[in-house]
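What follows is a single structure, written as structure tokens, with notes after it.
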2 protein chains.
Amino acid sequence: MTINQDTFTGEFSYTIDAKGRVNIPAKFRQSLAPENDQTFVITRGMDPCIWVYPLTAWQIIEDDLKDLSAISGINRSFIRNTVRYASTVSFDKQGRIMLSTNLLNYAKLKKDAFIIGMVNKIEIWNPSELAKVDKQNLEMNSSEYDALADRIIL
Amino acid sequence: MTINQDTFTGEFSYTIDAKGRVNIPAKFRQSLAPENDQTFVITRGMDPCIWVYPLTAWQIIEDDLKDLSAISGINRSFIRNTVRYASTVSFDKQGRIMLSTNLLNYAKLKKDAFIIGMVNKIEIWNPSELAKVDKQNLEMNSSEYDALADRIIL
DNA sequence: ATTGTTTACCCACAATTACCCACAATATAT
DNA sequence: ATATATTGTGGGTAATTGTGGGTAAACAAT
């Protein structure tokens, strides 16, 4: 068995440079299947962070959106909000991608970037925001968390 | 009958070298099924030790995580905390794997490593931490321990 | 058109990691 | 018992990785 393609795990600390570039961890670049053509799609996460999808994974989301009826107003709003912050980025010869100021602001990113593999996607966090959000989630839903752990961890 | 694949038993003492490498006991390397491609996934244990999974066993966990809906914040926190400390490592021609400083610190590992087979996974301990934790568990839960022994042993 | 600004594509370099080779100690085979 | 292979441990070296800039093309605004 070979290592799963388009699967990301681990945490990494990087710095965002003056031009708004961040390194994609070498391990993640190697996990990215060749069909993605060294390309990700970045967008707003549900938490205050940036979500990074392999291109092909994002295309599946787009296909699902295409199947939504445009008759319903709520459908149209959903499509708009899903797509409007998304942009396609390829990494340069040094393995970095460019982050728009829009996304940087949304995720409150300054200089330190904390990158986490989330299995099928990647998250880019301001370290202190991450600590805050995770703490809050655990405090408010610890029993659900334990139930998940019981079900999944070997 | 051949020896069970991906099943680990026994205890071994090894040294962690200056580069953070530890040997995987030869017996464990031989128990590792070929599908794993000489690869483990190492992560934080629930105790202060390092957990080492055969790659294929870990991929089952990953598949379960992929099925969790990303809409729920607690789900996202759970995924994060489950995979953020995990990394894929293959052993080199001498049979060693590299441990990140992050995991070394977590398990309070310095130079001596005590490696224990835990049936479906492997644990890497600082010997003195192991003694401490086991002693504590036995003192506080001896009746439960006896109940388990009664149910499972021989 | 002439600016000024942003983006794409280079090059550089220190630090880390991957990939060798060496060797003593133990185990296995003949 | 002696030879041969395997195992655990230590290093050396070359390649990779993360980070900083430089420069020229592309774009926007005046």
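Lettering of chains follows the sequences in order, A, B, ..., and the numbering in each one begins at 1. Owing to the predicted nature of the structure, the values given are computational and were not obtained by experimental measurement.
Put simply, OH on Tyr14(A) is 17 Å from P on dA15(C), counting in whole angstrom units. Rounded to a whole Å, the CD1 atom of Ile16(A) is 15 Å from the C1' atom of dG20(D). Here dT9(D) presents its C1' atom at 17 Å from CZ of Phe12(B), a figure rounded to the nearest Å. As a whole-Å value, the separation of Gln38(B) CD from dC19(C) C1' is 14 Å. As rounded to whole Å, 15 Å separates atom P of dT16(C) from atom CG of Asn23(A). Protein atom CD1 of Ile97(B) is 13 Å distant from nucleotide atom P of dT9(D), rounded to whole Å. Atom CZ of Phe91(A) is separated from atom P of dC9(C) by 14 Å (rounded to the nearest Å).
Residue side chain Gln94(B) reaches the base of dC21(C) through a donor-acceptor N/O pair under 3.5 Å, judged by distance alone. Taking only distance into account, the side chain of Arg21(A) meets the base of dG21(D) through a donor-acceptor pair shorter than 3.5 Å.
For Arg96(B), whose side chain is taken as the heavy atoms from C-beta onward, the closest listed nucleotide among dG20(D), dT17(C), dT9(D) is dT9(D). Of the candidates dG20(D), dA18(C), dT7(C), dA18(C) carries the atom nearest the Met98(B) side chain, counting heavy atoms from C-beta on.
More than 12 non-hydrogen atoms from other residues, nucleotides or ligands lie less than 6.0 angstrom from CD of Gln94(A). More than 12 heavy atoms of other residues, nucleotides or ligands lie within 6.0 Å of CE in Met46(A), so this atom counts as buried by the packing criterion.
Each of Asp92(A) and Lys93(B) was assigned the nucleotide of DNA chain C with the nearest heavy atom; the assignment lying further toward the 5' end belongs to Asp92(A).
For the OP1/OP2 pair of dA18(C) and a distance below 4.0 Å, the side-chain nitrogens and oxygens of Ser90(B) include no atom meeting the criterion. Contact check, Lys19(B) against dA15(C): no side-chain N or O comes under 4.0 Å of OP1 or OP2. At least one side-chain nitrogen or oxygen of Arg29(B) sits closer than 4.0 Å to the OP1 or OP2 atom of dG8(D). At the phosphate of dT17(D), OP1 or OP2 sits under 4.0 Å from a side-chain N or O atom of Gln30(A).
Within 4.0 Å (heavy atoms only), Lys27(B) reaches no atom of the nucleic acid at all. Within the 4.0 angstrom heavy-atom criterion, only backbone atoms of the sugar-phosphate kind lie near Asp17(B); the bases stay farther away.
Aromatic ring orientation, Phe40(B) versus Phe8(B): tilted (interplanar angle from 30° to 60°).
Defined by atom type and a distance below 3.5 Å, a donor-acceptor pair is missing between the side-chain atoms of Arg44(B) and Asn81(B).
A salt bridge between Lys66(B) and Glu62(B) is absent, with no side-chain N of the basic residue lying under 4.0 Å from a carboxylate O of the acidic one.
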